[in-house]
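Inspection log for the structure reproduced underneath, given as structure tokens.
First the proteins, then the strands, lettered A, B, ... as listed; each starts at 1. Side chains are part of it too, since the values below use all heavy atoms of this structure and drop only hydrogens, waters and symmetry mates.
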Amino acid sequence: MEVEDDEDYARFAADRGDALTRFGYVLSGNPHDAADLVQEALVRLRAAWPRVRRKGNPEAYVRTTMSRLHISIWRARRHERLAWEPPDRPVFDSPDDGALWSALATLPPRQRAVLVLRYYEDLSDEEIAATLKISRGTVRSQASRALDKLRTLQPLGSMR
Amino acid sequence: MNDLEDRLRRTLRTAAEQAPYAPVDLTRRVTGRRRDRRAQILTVAAAAIAVAAAVAAPVVFLDPAPVRPAVMDATPSSSPDLSGVEFPPSIQQVWPKAIHEIPAELPNGRKFQPLFFLDAGKVLVSTESSFEKVDMLASYDLATGETKDLVRVITPANAELFASEFTAGSGVIAWTTSRRAGDQLIAEIWTAPVTGGEASVLGSINDVGEAEGGAVHGLSVAGDSVYWSTGGTGGVWRLPLTGSVPAAQVPGTEGYHMFDYPWVGKPDEYSRSSYTELLNVESGETRTAVGNENEGWVCGLTRCVGDLPRESDGAGPPTLTATRLRDGSAQRTFPALSGGGHTMITMDRFTFLMIDDPGAGTVGMALTDLVSGEMADLGLRPNADGSFSYHAFRSPDSDLYAYALKGKQIIVDLKAIE
């Protein structure tokens, strides 16, 4: 049983690693945090694997853990921190989209997480509230503040 | 569906398609015995970043980037011109009595990590046999540089978590390890005399399936007992230093997580510095904080720090950081630097504020006294690739802050700041 569990877990980590890294990347905006979020969430999943596996949705568990980690100060547990680095630059078809990606980096983690869960994960506000352990009102206010800020930073058509 | 929302979906999807692949050794990392959690790296800032860029090693962290002009084709400068940046006075100038510059290695040539003060002038330090694997605790005399080995730290077989959460009180040093036994995780609480001697296991806790963040958080020694909270659903636990009875949950602490004993907080283990609700488990006193959930402020026992909302036209002044009491009163603002550095308040008084340059990003870090308003430049500057790294406080009760600078170890004795 234990060996089976370990094999299942390893298979899950291997199969889902890339997809989870993609989620970590849009959540955090950079490859270092993405790798770190995935690794930390998978380590936590491992501790809870038998229970989570019984419930049948380890992927949701990991994504929830990653989202909560992202908005938390868990990084403070690790004492070496990178406060800033030159932005990572994906290539976009439109310069406006590139500007939007840059503007996303200026949002506080919780606001960014709400947008990513809503527009990348396609979660409802109720699901976002449960994921981040905040009220639905907070989801709405955080989303609204984030969108307002993106609008003010990136007025359409004014980038070039 | 408006245009911005459409663009967001498209932009996030396009970025995700270009995300890096998972590290090739991801499975080994998360199934192996080495645990990289709770890294306490002190001397490898620039090197660690280089490694991280190459193999995505889990050692560096990126706070949200400060507000910068959104110019996509800007080339980051490898040595930004900082001549226009106004840095606060150096920490040596601001708090000379609190600063100790010591060698980066012990007299025996080993690298070490300062943990906290044992008593005036003596610091508990740890040495590591390999990355994060503490093998020895020693007392370091700041005046003479004399080192005295105190405790040999044992790493259990099948360790999942190396010795972590070092703390001291009531004549003992305590810490925790975690090991795998079959399908169970067993966390162990260790103690040793603060004057030196053998380490022994005070108690074990079965960690399986309950606490997603591990069994032992915020380990503290107070009076005749050791206390900690569990991850996940929380709850504060007590284990007498005599070891005569098993660990038991402290009544009324369900859902609470350790803040700084006897204070515990809600909502969860991830938010140790932003607990809106604090409870003193000894006196029953409670404290709340206004407005934290929406604003991402962090709080100590009585005061908070965070960023004031920006003017909505986006063209206003830069983000202003402010401190205020938990009830929102006595607010004071700091000179425009940047938000984001203040991830924890220690001793209910000190935090970090980032020194930002509009072009170069974060170019320095200021240790800030929220009570007096004094700010002091740590002297840290961007790495060669333009990134910037620093060390956070260990916990909300840290009385020592240590960092590496120009081949030296700088020890800040926070209690010596008047």
> Using 4.0 Å as the upper bound for N to carboxylate O, is an ion pair formed by R9(B) and D122(A)?
Replying inline: yes

> Taking atom CZ of F92(A) and atom CD of E17(B), what is their separation to the nearest 0.5 Å?
Replying inline: 10.0 Å

>> One pair to check against side chain to side chain contact (heavy atoms under 4.5 Å, CB included): L150(A) and L8(B). What are the steps and the verdict?
In response: CA-CA 10 Å; L150(A) 294 180; L8(B) 261 175; 4.2 Å; yes

> Where the side chain of Q18(B) meets the backbone of V91(A), is there a donor-acceptor pair that is under 3.5 Å apart?
Replying inline: yes

> E127(A): what forms a salt bridge (Lys or Arg N to Asp or Glu O under 4.0 Å) with it, not counting sequence neighbours?
Replying inline: none

>> Show the nearest heavy-atom pair for residues V26(A) and A15(B), with the distance to one decimal.
In response: CG1-CB, 4.5 Å

> So which heavy atom on Y120(A) is nearest to which on A16(B), and how close?
Replying inline: OH-CB, 3.4 Å

>> Any heavy-atom pair between the side chains of L104(A) and L12(B) that's under 4.5 Å?
In response: yes

> Using non-hydrogen atoms only, which part of V116(A) is less than 4.5 Å away from chain B: side chain, backbone, both, or neither?
Replying inline: both

>> Which atoms of A14(A) are under 4.5 Å from chain B, going by heavy atoms: the side chain, the backbone, both sets, or neither?
In response: both

>> Could you check whether D97(A) pairs with R7(B) (Lys NZ or Arg NE/NH1/NH2 to Asp/Glu carboxylate O, under 4.0 Å)?
In response: yes

>> Suppose we screen for side chain to side chain contact (heavy atoms under 4.5 Å, CB included). Which residues come up paired with S144(A), at least two apart in sequence or across chains?
In response: D148(A)

> Can you tell if the side chain of L4(B) reaches within under 4.5 Å of the side chain of L100(A), non-hydrogen atoms only?
Replying inline: yes

